[in-house]
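Heads up: numbering here begins at 1 and tracks the sequence.
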Amino acid sequence: MRDPLSVVTDAFTSFLFGKVETTRLPVRTSTGQAQAVYLPTAAPGLGDSGVIIGREVYSGKGYIYDPFQLYGQQLPAPHWLVLGESGNGKSALEKTYVLRQLRFRDRQVVVLDAQGEDGVGEWNLIAQELGITPIRLDPMAALDHGIRLNPLDPAITTTGQLALLRTIIEVAMGHALDERSGFALKVAHSYVNETITDRQPVLSDIVDQLRHPEPESAESMNVAIDDVRAWGLDVALVLDRLVDGDLRGMFDGPTTVGIDLDAPLIVFDLSHIDRNSIAMPILMAIVGVWLEHTWIRPDRKKRIFLVEEAWHIINSPFVAQLFQRLLKFGRRLGLSFVAVVHHLSDVVDGAAAKEAAAILKMASTRTIYAQKADEARATGRVLGLPRWAVEIIPTLTPGIAVWDVNGNVQVVKHLVTETERPLVFTDRAMTESSTDLSDDALRAAEREAEERAAAFVEQHVGDSESTVA
């Protein structure tokens with residue numbers, strides 16, 4: 001308690017001279033010392049266990065990410081969505097991420113490589129460096145004893161085979177099978193599996209049985225044999241495309257012997273397939289189910305399934321449903337699904353908007369590289385990004401991205417080592433002139449880009465709690 005005399009003295013002084021404010025003397029220090037008490041200069045990271053991605057632009061701290069380490073603590077799901085226009089660093093990020101993950105002994109990666117250069121997939125160099133032969137799915141090569149994947153491989157359960165056949169047909173037809181066509185397919189598949197025991201059943205066996213159903217199949221449902229044949233005609237025509245049509249050779253025979261599912265990296269080279277044709281989603285469906293039943297096993301390995309041009313999956317309702325099931329199932333067995341997409345509008349405005357929303361919801365990690373302003377705003381609305389992050393996305397330079405790890409949003413500069421550089425930068429045809437720049441000039445350009453990004457973040461850091469309406 002203050003004594004009465006002091007209270008009276010202070011009151012009288014304040015009346016005569018006004019209230020006297022206490023003035024604190026300035027303290028001079030360095031940023032290295034001040035950052036410990038001025039916390040906004042150092043955003044919280046994701047821990048120190050996992051794969052080094054690069055550094056956070058605003059604080060300069062190292063950025064480490066690993067879905068298997070974060071799962072159950074900071075991540076509700078280990079799946080990852082990578083967005084951005086071409087030429088901004090998505091491919092380099094994916095490749096260095098895989099190379100760095102493979103340094104852990106309990107990691108295994110499957111890549112669906114839909115891009116190509118010099119007649120091979122863009123993951124070819126990395127596969128060669130690791131001593132791995134890509135599984136090249138090519139209709140022309142398949143005719144000359146190339147790679148085959150059998151949808152009726154005994155390694156796939158009977159239920160899985162039937163589900164895969166239905167998905168293939170529904171993707172090709174563009175609509176769901178009706179009950180009658182589904183019955184004809186089920187009967188043909190059951191008969192083939194029961195009667196062919198001396199070899200692997202193949203698609204041509206299903207087609208033959210659809211064209212010439214057994215009388216017993218009609219009698220069991222008390223219908224005419226001609227009706228069963230008519231119900232299965234459209235199904236037979238679709239499957240015939242995989243036997244004698246433009247996709248022949250890849251799926252109409254026993255699975256090629258020697259495919260090593262125990263290799264640390266498995267690359268499916270799809271670069272010879274027309275990405276805009278119906279062949280691509282059919283391929284995605286077959287590979288997805290084949291991997292589900294032959295690759296994902298309860299052996300405590302952590303597996304990464306990386307899909308280039310993933311809109312081919314998410315844009316088809318039937319393939320999207322298949323992969324949605326794969327993601328739910330694989331999460332229990334240590335599977336991280338990585339989907340690489342150029343534009344979010346490719347999937348959210350497509351034919352499988354409902355399925356796409358479900359898959360996007362499973363991706364707790366989202367990495368967004370530079371996009372145009374309109375696309376960035378649309379992405380921000382769908383993903384619920386902070387306003388400052390949406391505003392910075394159009395200004396990002398190659399190699400810098402916004403990372404949203406279950407609400408922890410940071411701007412990260414991806415770093416590539418000199419050893420990794422020749423393996424991950426494969427767009428030589430478009431970048432040959434850049435070799436004229438010296439290393440010092442390239443580093444100076446990178447520093448300038450980082451400084452611009454850091455300045456933008458500092459200017460808008462006050463808006464970090466707001467989101468796009």
Margin query: Whether the Gln161 and Asn193 side chains hold a donor-acceptor pair (N or O, under 3.5 Å, no angle test) is what I'd like checked.
Written below: yes
Margin query: Closer than 3.5 angstrom, by distance alone: can the side chain of Asp113 be matched with the main-chain N or O of Leu270 as a donor-acceptor pair?
Written below: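 Judged by distance alone, no pair lies under 3.5 Å.
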Next item on the list: Apply salt bridge (Lys or Arg N to Asp or Glu O under 4.0 Å) to Arg180 and list each qualifying residue two or more places apart in sequence or on a separate chain.
Entry: none
Next item on the list: Return the minimal non-hydrogen interatomic distance between Gln324 and Ala358, and the atom names on each side.
Entry: NE2-CB, 3.4 Å
Next item on the list: Could you walk me through whether Lys186 and Ser190 pass side chain to side chain donor-acceptor pair (under 3.5 Å), step by step?
Entry: CA-CA 6 Å; Lys186 179 182 177 181; Ser190 177; over 6 Å; no
Note to self: Taking the six-membered ring of Trp295 as reference, does the cationic atom of Arg303 (NZ for Lys, CZ for Arg) lie under 6.0 Å from its centre and within 45° of its axis?
What the structure shows: yes
Are [X] and [Y] ion-paired here, with the side-chain N under 4.0 Å from a carboxylate O?
X      : Y      : answer
Glu391 : Arg387 : no
Arg297 : Asp262 : yes
Lys413 : Glu56  : no

Checklist line | Validation row, ring centre Trp403 to ring centre Tyr63 under 6.0 Å | finding: yes
Margin query: Once you measure the plane-to-plane angle for Tyr97 and Tyr65, does it fall in the parallel (<30°), tilted (30-60°) or perpendicular (>60°) bin?
Written below: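 Rings of Tyr97 and Tyr65: tilted, 30 to 60°.
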Next item on the list: Please collect all salt bridge (charged side-chain N to carboxylate O under 4.0 Å, His left out) contacts where either partner lies in residues 63-87, sequence neighbours excluded, each pair once.
Entry: Asp66-Arg107, Glu85-Lys372
